Protein chains: 2
Amino acid sequence: MFEFLHQKVNETINITDEEFEYAKTLFIPKKLRKKRFLLEEGEPCVYTTFVEKGLLRSFTVDDKGNEHILQFGMEGWWVADLYSFLTGEPSEYNIEALEDSELLLITKSSWDLLLDEVPAFERYFRTLIQNNLIATQRRLMGTISTTAEERYNKLLQDFPRISQRVPQHMIASYIGVTRETLSRLRSQMTSG
Amino acid sequence: MFEFLHQKVNETINITDEEFEYAKTLFIPKKLRKKRFLLEEGEPCVYTTFVEKGLLRSFTVDDKGNEHILQFGMEGWWVADLYSFLTGEPSEYNIEALEDSELLLITKSSWDLLLDEVPAFERYFRTLIQNNLIATQRRLMGTISTTAEERYNKLLQDFPRISQRVPQHMIASYIGVTRETLSRLRSQMTSG
DNA sequence: AAAAAACCGTGACATACATCACATCCATTT
DNA sequence: AAATGGATGTGATGTATGTCACGGTTTTTT
């Protein structure tokens with residue numbers, strides 16, 4: 001059950017078996033069926049979550065009812081409302097399963113414990129957050145400076161399987177356009 | 001010369017005087033005059049930089065010659081092309097002084113040393129990057145889901161002094177519109 | 001199997017923003 | 001003090017994308 005997490009952790013840090021055995025005691029396994037929510041906007045984000053299997057999304061809903069996707073949480077990724085997790089403030093994001101998923105949850109207090117007891121995990125998370133920051137900065141700059149078509153192609157390049165796994169209207173909301181615009185974009189692309 | 005850095009570090013971690021004395025030996029002080037570059041796109045980002053005084057910006061230039069600002073680096077902030085700094089790959093960003101500035105530079109190897117020798121710094125940087133990630137995610141979601149006017153107001157709210165310190169066309173490129181659009185926005189706002 | 005809901009495409013029209021062009025104003029340099 | 005370049009404002013026009021409306025198809029639920 002913890003093999004995948006162990007593997008991912010080992011990719012960035014060296015960790016003893018004892019340390020990982022200790023870490024295992026802090027996680028809560030959970031299965032989440034498709035369309036079920038792990039977190040709803042307004043409630044505090046109690047857990048940060050490692051996705052062993054399946055697919056999640058974190059997203060907001062604006063005044064007009066439009067959804068805006070922050071992140072797809074694929075196998076091997078971590079998902080949370082980071083601000084809410086760290087501060088206990090109400091979350092800004094919803095987190096929902098897009099497929100039947102298997103998750104490992106950890107609370108803030110367990111997480112703090114883990115970072116204190118096993119400094120290597122501090123480095124693991126620092127690296128994780130670092131890579132996430134780099135990716136988010138690139139996505140931000142792309143959103144500011146490129147067209148919807150370029151952003152769509154970039155997404156397909158970064159996640160080739162994504163369009164088989166999630167509906168088009170979510171892809172649209174990830175790249176920041178309406179479903180109609182993405183639909184027209186796609187038909188242009190196949191014709192031209 | 002290191003008082004400000006010391007103060008900022010102390011805001012998030014507990015650090016002994018010996019540890020900070022050690023840290024001081026790893027930094028390179030540098031003054032950078034207005035309009036001078038700390039980093040140009042294409043060259044590796046050798047340093048990550050603490051801004052003691054002054055103001056920097058990191059930005060890209062696209063095919064059409066338009067600039068897009070990733071970050072304003074104000075007093076107490078860190079600035080770098082993180083990806084290039086970590087990997088040694090050519091940088092995607094330029095970094096330029098917008099005011100006469102006083103900086104503390106640290107190389108990748110010194111930084112690695114610092115993180116190994118003083119684990120508290122690992123936590124300091126993890127926290128720093130974490131906060132940066134949260135802010136960048138918010139800016140990204142704002143860029144996807146709100147109008148230029150809302151983004152402009154948000155910027156003024158977050159950095160009330162910014163419009164006295166940097167020209168309007170840079171503010172425009174930060175929020176992702178042309179200088180003409182921002183100009184029209186501003187005249188609408190004062191009239192209405 | 002039937003019903004309901006989600007998904008996707010497409011036309012007509014509206015709008016926010018970009019682009020291009022020109023004028024003025026201000027600051028920095030020599 | 002003159003000169004150069006940077007910065008800002010504003011008009012005319014173009015374009016990408018949003019909004020609203022409808023229909024057909026597929027998937028999920030009961």
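For clarity, every value in this text was computed on a predicted model and none was experimentally measured. Only this structure's heavy atoms are used, side chains among them; waters, hydrogens and symmetry mates stay out. Chain letters run A, B, ... following the sequence lines, proteins first, then strands; residues in each count from 1.
Of the listed nucleotides (dT19(C), dT8(D), dC17(C)), dT8(D) has the atom at the smallest distance from the side chain of His169(B). Among the nucleotides dG9(C), dG18(D), dT8(D), the one closest to the side chain of Pro167(B) is dT8(D). Side-chain proximity of Val177(A) to dC20(D), dC8(C), dG18(D): nearest is dG18(D). Distance from the side chain of Ser183(A) is smallest for dT10(C) among the nucleotides dA7(D), dA21(C), dT10(C). Counting only heavy atoms from C-beta on, Thr181(B) has its side chain closest to dA18(C) among dC7(C), dA12(C), dA18(C). Comparing dA6(C), dA18(C), dA21(D) against the side chain of Arg179(A) picks out dA21(D) as the nearest. Distances were taken from every side-chain heavy atom of Arg184(B) (C-beta onward) to each of dC17(C), dG18(D), dT10(D); the shortest belongs to dT10(D). When the nucleotides dT17(D), dG9(D), dA21(D) are ranked by their closest atom to the side chain of Ala148(A), dT17(D) comes out on top.
Because its NZ or CZ atom is both nearer than 6.0 Å to the ring centre of Tyr83(B) and within 45° of the ring axis, Arg138(A) counts as a cation-pi partner of that residue.
Using bins of under 30°, 30° to 60° and over 60° for the plane-to-plane angle, the ring pair Phe125(A)/Trp111(A) lands in the perpendicular bin.
Close to dT28(D), at under 4.0 Å from its OP1 or OP2, lies a side-chain N or O of Lys34(A). In terms of phosphate contacts, Ser187(A) brings no side-chain nitrogen or oxygen within less than 4.0 Å of OP1 or OP2 of dG9(C).
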